[in-house]
Each structure stands twice: as C-alpha cells, then as structure tokens.
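Notes for the one structure printed next.
In what follows, every chain begins at residue 1, and chains take the letters A, B, ... in the order their sequences are listed.
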Amino acid sequence: MLTSTFRHVKGVGPSRERQLWLAGIRTWDDLLASAASGDPGFLPGIRGLSRKLQQRLAEEIAADRQALRRGDLEFLSTRLARREHWRFYSHFKERAVFLDIETTGTDPGSSRVTVVGVHHPDQDPMVFIDGYNLDDFPGYLEGDRLLVTFNGSSFDLPMLTRHFGALRLPKALIDLRWVAFRAGFKGSLKQIERRVGISRNHDVQGMDGSDAVMLWRNWVVNNDERALELLVGYNISDTMNLRPLLHILLDRIHQREFPWLEHRPFSEDDLVKEAFWVDPRELINRARR
DNA sequence: AGTCTCTAATGGAAGAAGGA
DNA sequence: TCCTTCTTCCATTAGAGACT
C-alpha cells in the first residue's frame with residue numbers, strides 16, 4: 001500500500017495517480033522500471049504529466065525506494081502527509097509502538113498524565129505510572145519508531161508533550177481515529193471495537209475515560225490498590241486492542257481501495273478479535289521496580 | 001469542557017495537453 | 001500560437017468529534 005501511492009509527489013493528485021495505475025504503473029518498482037529505459041518521456045498518454053514532472057517523479061520515487069530499503073522511516077515520514085502514515089505499517093510492523101494514556105481530565109491546562117500504557121509487539125506490554133516510573137517513559141520512545149494511537153494527535157501527544165516538556169516523539173504517527181474514518185467507521189474507540197467485534201476482558205467492560213479519572217483519585221486519595229489495578233487493566237486493554245483494530249481496519253481499506261493487489265496484507269492470525277489480557281498486578285509490580 | 005486535528009468545501013492561480 | 005479544458009496546488013473557512 002505504501003509503494004502503490006504516488007500522490008505525495010507534487011503535481012500528482014487523485015486523477016493522475018489513477019491514470020498511473022490504469023497504465024500498469026501500480027508500484028514504485030513499476031515506475032522505476034519504466035524510467036530505467038532512459039526515455040525522458042517514459043510515461044506517454046497520461047494527461048498533465050509533462051516530461052519535467054515525469055523526471056521529478058522518477059527521482060523522488062527512487063529516493064523513497066532507497067529510504068524504504070534502508071529502513072529510513074524518519075525520511076519517509078516527512079514525505080507523506082500524516083493521514084497517509086498508516087501505509088507505513090506493513091513495512092515497519094516491528095517498529096510499531098501502541099500507546100494510550102490516562103489523565104486526571106481532558107483540560108490540558110489543569111490535567112496531569114497518570115498512566116501511560118505501551119505495547120511493542122515483540123516485548124511485554126508496559127505501563128508507566130505517575131509516582132513510580134512515569135519519568136522513564138521518554139526513554140522508551142528512543143529510536144525511529146512508528147507510533148500508533150487512537151485520537152492521539154489531538155489528545156495523547158499534546159498532553160504528553162505538555163507533561164514532559166521537550167519530548168522527542170516519533171515522526172511517524174498512525175492515528176486510528178482517522179484510519180477508521182477512512183475504513184468507513186466513525187465513533188469512539190469502544191464503539192468501533194464493538195462494531196468490528198473486538199472483545200474486552202469482563203473486568204474492564206463498560207468502563208470509559210471518566211472512570212479512569214475516578215479510579216486514579218481513589219488510588220491517590222484512599223490508597224485503594226484495587227482502583228489502581230482496574231485503571232491499569234483498563235489502560236492496557238485500550239492499548240493492546242489498538243493492534244488487532246489496526247489490522248482489521250487496514251484489511252478493510254485494502255479491500256476497498258486496492259482490490260487489484262492480489263495478496264491481502266494480514267493473515268487470519270493477525271485478524272483475531274478476542275481480548276488480550278495481562279494481569280495488571282504484574283504490570284504494576286514491574287512499574288514499581 | 002478545552003484542545004487539537006481532521007474532513008470538506010471553496011475559489012483563485014498555475015501548469016500542462018490538445019485541438020484548431 | 002491561442003484557447004479551452006483538465007488537474008492540481010494553496011490558502012481559507014467552517015464544523016465535527018474524540019480524548020480523560
């Protein structure tokens with residue numbers, strides 16, 4: 001899906017991209033193979049594609065192709081608009097970090113970050129808890145990561161930036177709210193989870209963000225350990241459900257927009273819908289160490 | 001309840017192709 | 001070379017809605 005897009009090149013919009021596809025130029029490699037002929041007008045018959053633009057198209061796509069080969073996600077992030085960053089996922093799965101935060105409210109002026117949940121598919125999920133290890137969180141994001149959130153561009157990331165001051169966030173960001181929108185789903189994370197059939201552990205079923213605020217208060221004021229456990233369980237459910245949701249959404253977009261790409265991007269294993277669950281007590285113990 | 005980013009719609013300017 | 005048409009870009013505006 002990443003190597004099938006050309007719209008990030010200035011001068012190529014929806015119409016010219018479609019014409020490229022129809023002319024058999026469906027991937028970056030197709031384009032580079034045509035350009036390799038050396039003919040400056042290697043793409044005849046496409047309206048609005050001057051020789052000058054063809055030349056630039058070949059140059060820019062060649063640079064993108066090289067960046068992809070050497071795994072330069074940061075470079076590619078600057079090339080594609082943020083709403084297109086979901087295209088990175090199938091190439092950079094192993095660098096994906098799923099993230100969700102809890103706070104004391106939604107007003108960034110007065111709210112504080114209380115819990116940050118992260119899930120890197122190759123590692124155990126982790127939580128960073130205010131009062132224990134929250135200050136260690138920025139270190140977790142080191143490296144050229146692909147960050148995945150739900151509504152993170154409006155909420156989680158501005159909140160984290162405010163909390164940590166100079167936080168170096170990954171340039172590559174997938175916001176599932178807008179991926180869902182593209183896949184035909186509007187609504188909150190929980191609503192969309194329900195509609196696509198992703199389940200939740202019964203302990204945290206029916207909870208929402210305002211519960212998270214109350215649980216944190218209960219923990220801080222009354223030292224209620226069970227409240228903290230529930231809060232962490234809720235947070236990690238949100239965090240870990242992002243991965244199957246992303247897979248389902250991308251599969252849907254794939255079917256909608258790229259039916260001519262023969263292979264589907266995800267196997268049946270990637271599309272499982274049952275709830276992931278980690279014992280929150282384990283996560284809390286790790287945060288306390 | 002505030003913040004943020006997105007979509008969608010709009011209009012003017014510019015680049016390019018193609019016909020006359 | 002001129003004119004028309006198509007496509008894209010860019011800036012602006014408005015409005016929606018999801019996060020805790």
Of the candidates C/dT7, B/dG2, C/dG17, the side chain of A/Asp107 sits closest to B/dG2
In whole Å, what is the span from the NZ atom of A/Lys186 to the P atom of B/dT7? 12 Å
How about A/Arg281: does its CZ atom have over 12 heavy atoms from other parts shown lying under 6.0 Å from it? no
Looking only at the side chain of A/Pro158 (C-beta and beyond, no hydrogens), which of the listed nucleotides C/dT7, B/dC4, B/dT7 gets closest? B/dC4
For C/dC19, take OP1 and OP2 only and decide whether either is under 4.0 Å from a side-chain N or O of A/Ser154. no
Would you name the heavy atoms of A/Val127 and A/Gly117 that are closest together and state the gap between them? CG1-CA, 4.2 Å
I'd like to know if the side chain of A/Thr149 pairs up with that of A/Asp156 as donor and acceptor (distance under 3.5 Å, no hydrogens or angles considered). no
Once you round it to whole Å, what is the distance between P of C/dA18 and CG of A/Leu157? 18 Å
In whole angstroms, how far is the C1' atom of B/dT7 from the CZ atom of A/Arg82? 16 Å
A/Phe98 side chain near A/His120 side chain, heavy-atom distance below 4.5 Å: no
Atom CD1 of A/Ile174 and atom P of B/dT5: how far apart are they, to the nearest Å? 17 Å
Once you apply a heavy-atom cut-off of 4.0 Å, does A/Ile101 come out as touching a base, just sugar-phosphate, or nothing? sugar-phosphate
Could you tell me whether A/Asn235 contacts a base, only the sugar-phosphate backbone, or nothing, with contacts defined as non-hydrogen atoms closer than 4.0 Å? nothing
Does A/Arg162 make a side-chain N or O approach to OP1 or OP2 of B/dC4 shorter than 4.0 Å? yes
Nearest-Å distance for atom pair CD/P, residues A/Glu84 and B/dT5: 17 Å
Pick base, sugar-phosphate or nothing for A/Gly13, based on heavy-atom distances below 4.0 Å to the nucleic acid. sugar-phosphate
Nearest to the side chain of A/Phe181, which nucleotide is it out of C/dT20, C/dA18, B/dA8? B/dA8
Indicate yes or no: at least one non-hydrogen side-chain atom of A/Leu2 is less than 4.5 angstrom from one of A/Trp28. yes
Without decimals, in angstroms, what is the distance between A/Gln19 CD and C/dC6 P? 13 Å
Would a 4.5 Å heavy-atom cut-off, applied to side chains only, mark A/Arg7 and A/Pro14 as touching? yes
Mind checking A/Gly187 for me? I need base, sugar-phosphate or nothing, with any heavy atom below 4.0 Å counting as a touch. sugar-phosphate
Just so I know, are the side chains of A/Leu31 and A/Ser34 near enough to count as touching, which here means a heavy-atom distance under 4.5 Å? no
Base, sugar-phosphate, or nothing for A/Leu49, non-hydrogen atoms under 4.0 angstrom? sugar-phosphate
Taking only the side-chain heavy atoms of A/Trp178 (C-beta and beyond), determine which of B/dT7, C/dG17, C/dT20 contains the nearest atom. B/dT7
Quick check against the 3.5 Å criterion: does A/Arg95 have a side-chain atom that pairs as donor or acceptor with the backbone of A/Gly71? yes
Counting only side-chain heavy atoms from C-beta out, which of C/dC19, B/dA16, C/dT8 sits nearest to A/Leu189? C/dC19
Verify the neighbour count for atom CZ of A/Arg70: are there more than 12 heavy atoms of other residues, nucleotides or ligands below 6.0 Å? yes
Hey, does the side chain of A/Lys10 come within less than 4.0 Å of B/dG15's phosphate (OP1/OP2), counting only N and O? no
When A/Gly105 and A/Arg177 are each assigned the nearest nucleotide of DNA chain B, the 5'-most assignment goes to A/Gly105
Using a heavy-atom cut-off of 4.0 Å across all strands, would you classify A/Ser50 as base, sugar-phosphate, or nothing? sugar-phosphate
Where are the stems of DNA chain B, defined as at least 3 consecutive Watson-Crick or wobble G-U pairs with both distances under 3.5 Å? B:2-20 with C:1-19
Measure the distance from CG on A/Asp156 to P on C/dG17 and round it to the nearest whole Å. 20 Å
Considering heavy-atom distances to DNA chain C, does A/Ser188 or A/Val12 have its closest nucleotide positioned more toward the 5' end? A/Val12
Rounded interatomic separation in angstrom, taking NE2 from A/His163 and P from C/dT20: 16 Å
